[in-house]
Amino acid sequence: VDQVSAGHVRNAFCAVRPPGHHAEHDRSMGFCIFNNVAIAAEHLIREHGLERVAIIDFDVHHGNGTQHIFEDRADVLYISIHEHPQHLYPGTGFASETGRGPGEGTTINLPVLPGAGDDVYRRLFRQRVIPALDDFSPQVLLISAGFDACKDDPLAHVELSAEGFGWMTQQLRDAAERHCGGRLISMLEGGYDLRSLAECVAVHVGGLLGDAQHDHRGPGV
C-alpha cells in the first residue's frame, strides 16, 4: 500500500491468506481473521491523507465485514458483486443495503442469481460499477479479488470464466488510470478449486501488469 501510494510501483497484487472481507470490526468469521482490504483502506486515509478510496469486491460471497466497517462513512465507496444472499453465505448484501447516515449511497450491492456468467458481470460493470467509480473519482482503487465465482469452484453457483476475470481486471485498471494515476492494489480473497484459482489469478495478474513494462515505475505485482 505504501509503495503504490508513494508512486514507486504502479499497482500490486497481494497473495494473502487467510482472506479478509468477512471479518468485521470486532469479529472474525468466514475463514477471515483480519479484514485485509479494510485495513489497507483505513491506512490510506489515516497515514496518507486520502479522502476517497474505492473498494471493488468480486468475490462470490458478499463482503459483509467490509460493508460493516465502512457503511456509515462517505470516504470509502464499497461495491460488491456476489451471489444473491438468499442462495449463499453470509446472507447479507441485498441491493437495498446502500449505506447509513453519512455513508448512504457509498455502499453498492449487486447480487446475481445462481448460474450468472460473464455476460451478467459485464452488464453490471458497464451499467453500475464503472459509472459509480467515475462519479466517486477515487484516489486509490482497491480490489477484493476473490476467484470463487469461477465456474469450477465448489462453494458457489456462479459461472465466470478466467477470461471474465481478465475483462473485469482490465476495466478496473482503466478506471484506476483515469482517476488514480494507475494506483491500484488487489488483495486475494476466496478461491477453493486450486487449479482454477491458479488460472484465474494468472489472468488477473496479467491484466494488472498490462503495459507496466513501459512505465518507469514498473509493475508491483
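Please read these numbers as outputs of a predicted model, since none were measured by experiment.
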Could you tell me which non-hydrogen atom of [X] sits nearest to which non-hydrogen atom of [Y], and how far apart they are?
X      : Y      : answer
Asp193 : Asp152 : CB-O, 3.7 Å
Leu88  : Leu155 : CD1-O, 3.3 Å
Gln171 : Phe125 : CB-CD2, 3.9 Å
Ala12  : Leu208 : O-CD1, 4.3 Å
Ala74  : Pro102 : CB-O, 3.4 Å
Ala54  : Leu133 : CB-CD2, 3.7 Å

Could you state the interatomic distance from [atom1] ([X]) to [atom2] ([Y]), rounded to the nearest 0.5 Å?
X      : Y      : atom1 : atom2 : answer
Arg52  : Gln139 : CZ    : CD    : 4.5 Å
Ile130 : Arg126 : CD1   : CZ    : 10.5 Å
Ser161 : Asp118 : OG    : CG    : 3.5 Å
Ile56  : Asp59  : CD1   : CG    : 13.5 Å
Cys200 : Phe165 : SG    : CZ    : 5.0 Å
Ile143 : Thr169 : CD1   : OG1   : 6.0 Å

Residue pair Ser5, His48: steps toward the side-chain contact (heavy atoms from CB on, under 4.5 Å) verdict: CA-CA 8 Å; Ser5 183; His48 292 278; 3.2 Å; yes

Compare all side-chain heavy atoms of [X] with those of [Y] and state whether any distance is below 4.5 angstrom.
X      : Y      : value
Leu172 : Leu141 : yes
Asn64  : His68  : no
Ile81  : Val112 : yes
Val76  : Thr106 : no
Glu83  : Pro114 : yes
Cys14  : Ile185 : yes
Leu77  : Ile108 : yes
Asn109 : His82  : yes

Between [X] and [Y], is the ring centre distance below 6.0 Å?
X      : Y     : result
Phe94  : His84 : yes
His204 : Phe13 : yes
His157 : His87 : no

Hey, any chance [X] and [Y] share a hydrophobic cluster, counting ILVMFWY side chains that come within less than 4.5 Å of each other, even indirectly?
X      : Y      : value
Leu184 : Ile39  : no
Trp167 : Leu160 : yes
Val120 : Val129 : yes
Val9   : Leu50  : yes
Leu194 : Val203 : no

Hey, is CZ on Arg27 packed in by over 12 heavy atoms from elsewhere, all under 6.0 Å?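 No, not enclosed.
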
Are more than 12 heavy atoms, taken from residues, nucleotides or ligands other than Tyr89, located less than 6.0 Å from that residue's OH atom? yes

Go through the steps to decide whether Ile55 and Ile79 satisfy the test side-chain contact (heavy atoms from CB on, under 4.5 Å), and finish with yes or no. CA-CA 6 Å; Ile55 301 171; Ile79 305 175; over 6 Å; no

For the residue pair [Y] / [X], report whether a side-chain donor-acceptor contact shorter than 3.5 Å exists.
X     : Y      : value
Thr66 : Asn35  : yes
His21 : Ser144 : no
Asp2  : His43  : yes
Gln67 : His62  : yes

Between [X] and [Y], does at least one N-O distance fall below 4.0 Å, as a salt bridge requires?
X      : Y      : value
Glu189 : Arg17  : no
Arg178 : Asp134 : yes
Arg100 : Glu104 : no
Arg73  : Glu42  : yes

Taking ring pair (Phe, Tyr, Trp, His ring centres under 6.0 Å) as the test, write out the residues that go with Phe70, two or more places apart. none

Leu197 pairs by side-chain contact (heavy atoms from CB on, under 4.5 Å) with which of Asp148, Leu188, Asp153?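 One option only clears the test, and that one is Leu188.
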
Arg128 side chain vs Leu110 backbone, donor-acceptor pair below 3.5 Å: no

List the steps, then state whether salt bridge (charged side-chain N to carboxylate O under 4.0 Å, His left out) holds for Glu177 with Arg10. CA-CA 10 Å; Glu177 292 291 340; Arg10 176 172 292 276; 2.5 Å; yes

Where do Ile69 and Tyr78 land on the side-chain contact (heavy atoms from CB on, under 4.5 Å) test, with the steps shown first? CA-CA 10 Å; Ile69 291 167; Tyr78 178 60; over 6 Å; no

Test Leu142 against Leu44 for side-chain contact (heavy atoms from CB on, under 4.5 Å), laying out the working first. CA-CA 10 Å; Leu142 302 175; Leu44 286 164; 4.2 Å; yes

Taking salt bridge (Lys or Arg N to Asp or Glu O under 4.0 Å) as the test, write out the residues that go with Glu47, two or more places apart.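 Partners of Glu47 by the salt bridge (Lys or Arg N to Asp or Glu O under 4.0 Å) criterion come out as none, since no residue qualifies.
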
